[in-house]
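Single-structure report; data block below.
Start at 1 and go down the list; that is how both ligands and their atoms are numbered.
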Amino acid sequence: MEGMLKPGSLKDKTIIITGGGTGLGRSMGKYFLELGANLVITSRKKDVLDKSAEELMKETGGKVLAVACDVRKYEEIENVIKVTASTFGPIHGVLNNAAGNFISPTERLSHRAFDIIVDIVLKGTYYTTLAAGKHWITNKQPGVFLNIVTTYAWTGSGYVVPSACSKAGVLALTRSLAVEWAKYKIRSNAIAPGPFPTEGAWSRLLPGELASKFDPAQRVPLKRVGEHQELANLAAYLMSDYSAYVNGEVITIDGGEWLRSGGEFSDLEHIPEHMWDMLEKSRGK
Ligand code: HXC
Ligand code: NAP
């Protein structure tokens with residue numbers, strides 16, 4: 001639960017976090033600040049951003065700029081890049097974290113509902129990536145992209161299909177640009193978190209009675225959900241120069257959750273010891 005990197009590991013680095021005013025974006029941002037970074041947090045709700053920026057500056061003593069930006073609007077992202085560069089100078093990293101999601105049987109979704117998620121998660125990420133990438137290439141500056149996906153980016157998942165399609169696209173974007181833009185010294189990596197409690201995700205993915213019926217911790221072999229600092233440690237490493245040779249990677253941090261779901265015999269963990277004793281005794285009979 002402690003910060004992992006040496007103090008000053010992100011000193012004077014300027015990092016933009018989309019969706020940085022709440023949840024995991026805020027937690028990762030807080031740790032970047034503790035490591036010496038300048039932070040720019042963006043999302044649609046300026047009041048939420050302003051409150052978080054003030055709190056984060058008080059908590060860490062770092063510099064935080066809050067800029068309203070809907071990732072579905074390219075010109076608003078260009079504005080974030082412009083304001084960031086004029087406030088802090090060179091931009092070092094972009095954390096594509098903003099997302100939208102809800103659970104629903106797919107046949108109940110309108111095409112507009114599908115659009116709204118794809119527009120935030122996939123289009124929002126490639127818009128931000130394109131704007132920041134062009135800025136770095138034009139100015140001959142190196143840069144780091146870190147994209148937050150999920151483990152269902154590669155398995156797919158029922159009931160969150162627009163999110164699954166979008167996160168799969170973000171994963172393909174990450175790997176593609178890791179190769180194409182390496183010549184510009186731009187690295188691209190992703191993190192696939194398992195369940196990490198946040199108000200935003202929990203209220204939408206486990207609404208009402210679902211929260212008591214469906215305990216995410218029980219799906220995880222380690223039988224617990226993630227701590228925000230654990231994710232922040234990984235994100236800070238991937239943003240820092242310590243990961244200079246890591247490019248095109250997606251790192252899962254889920255306590256083994258998705259592998260357990262795929263393992264043919266994983267459910268045997270529900271077999272009690274006395275049944276194993278019986279099975280052992282009946283061997284070879
Ligand atoms: C089906 C729904 C719906 C639902 C809205 N719609 N909610 N359809 N089930 N639960 C439909 C509406 O009917 C409408 O279609 C269309 O979607 C847009 O509706 P709006 O009312 O405009 O959307 P709204 O609910 O205001 O906003 C949706 C949202 C919002 C933008 C996605 O929830 C949001 O701001 N989310 C950001 C934060 C977030 O979602 N965080 C969680 C990320 S968690 P019609 O046809 O009627 O116009 C995450 C974790 C994954 O990604 C992994 C966990 C382990
Ligand atoms: P969250 O607090 O709801 O974060 C989502 C953020 O995205 C919010 O700050 C929201 O701010 C912003 N956002 C939404 N639509 C936007 C838009 N159009 N333009 C700009 N910003 C927008 O949820 P979270 O759990 O921290 O999720 C953060 C990331 O982790 C997401 O990518 C999510 O998919 C991923 N993730 C989370 C979990 C988990 O268990 N929590 C697991 C796997 C992956 P505004 O409303 O102000 O715009």
Check: What do we get for Asn101 next to ligand 2 when only non-hydrogen atoms under 4.0 Å count, side chain, backbone, both or neither?
Finding: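 No part of Asn101 comes within reach of ligand 2.
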
Margin query: For Asn97, which part has a heavy atom under 4.0 Å from ligand 2: side chain, backbone, both, or neither?
Written below: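 Contact part for Asn97 vs ligand 2: both backbone and side chain.
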
Margin query: Run the side chain to side chain contact (heavy atoms under 4.5 Å, CB included) test on His92 and Val144 for me, step by step, so that the C-alpha distance in whole Å, both residues' side-chain angles and the decisive distance to 0.1 Å come before the verdict.
Written below: CA-CA 6 Å; His92 298 87; Val144 180; over 6 Å; no

Any nitrogen or oxygen of [X], side chain or backbone, less than 3.5 Å from one on ligand 2?
X: Trp202; result: no
X: Val71; result: yes
X: Lys167; result: yes
X: Gly200; result: no
X: Thr150; result: no
X: Leu24; result: yes

Next item on the list: Using a strict 4.0 Å cut-off to heavy atoms of Gly19, name the atoms of ligand 2 that fall inside it.
Entry: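 Those qualifying, in numeric order: 6 (C), 7 (O), 9 (O), 12 (C).
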
Next item on the list: Check whether any protein heavy atom sits under 4.0 Å from atom 2 (O) of ligand 2.
Entry: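 Under the 4.0 Å cut-off, atom 2 (O) of ligand 2 does have protein heavy-atom neighbours.
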
Check: Hey, is Arg44 touching ligand 1 through its side chain, its backbone, both or neither, going by heavy atoms under 4.0 Å?
Finding: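 It is the side chain that touches ligand 1; the backbone stays farther off.
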
Next item on the list: Using a strict cut-off of 4.0 Å, indicate which atoms of ligand 1 neighbour a heavy atom of Leu205.
Entry: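 Going through ligand 1 atom by atom, the ones under 4.0 Å from Leu205 are 50 (C), 51 (C), 54 (C).
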
Next item on the list: Run the numbers for me: atoms of ligand 1, each under 4.0 Å from some heavy atom of Thr150, listed by number.
Entry: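 Those of ligand 1 that fall under 4.0 Å from Thr150 are 51 (C), 53 (C).
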
Check: Can Ser163 and Tyr152 be counted as having a side-chain donor-acceptor contact under 3.5 angstrom?
Finding: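 Yes, side-chain donor-acceptor contact under 3.5 Å.
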
Item checked: Side-chain H-bond candidate by donor/acceptor type, Arg26 with Thr198, under 3.5 Å ->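 Thr198 and Arg26 do not have a side-chain donor-acceptor pair below 3.5 Å.
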
Considering [options], which one's heavy-atom position lies nearest to [atom]?
atom: atom 4 (O) of ligand 2; options: Ile17, Thr22, Val121, Ile41; result: Thr22
atom: atom 48 (O) of ligand 1; options: Arg219, Glu199, Arg112; result: Arg112
atom: atom 32 (C) of ligand 1; options: Val149, Ile117, Ile116; result: Ile117

Notebook entry, point to check: Going from CE on Met4 to OH on Tyr242, what distance comes out if it is rounded to the nearest 0.5 angstrom?
Noted result: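 Atom-to-atom, Met4:CE and Tyr242:OH are 10.0 Å apart.
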
Next item on the list: Starting from atom 49 (C) of ligand 1, find the nearest protein heavy-atom neighbour and note its residue, name and distance.
Entry: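 Heavy-atom neighbour on the protein nearest atom 49 (C) of ligand 1: Asn101 ND2, 3.6 Å.
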
Checklist line | Phe145/Trp136 aromatic ring centres below 6.0 Å | finding: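 When the ring centroids of Phe145 and Trp136 are compared, they turn out to be within the sub-6.0 Å range.
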
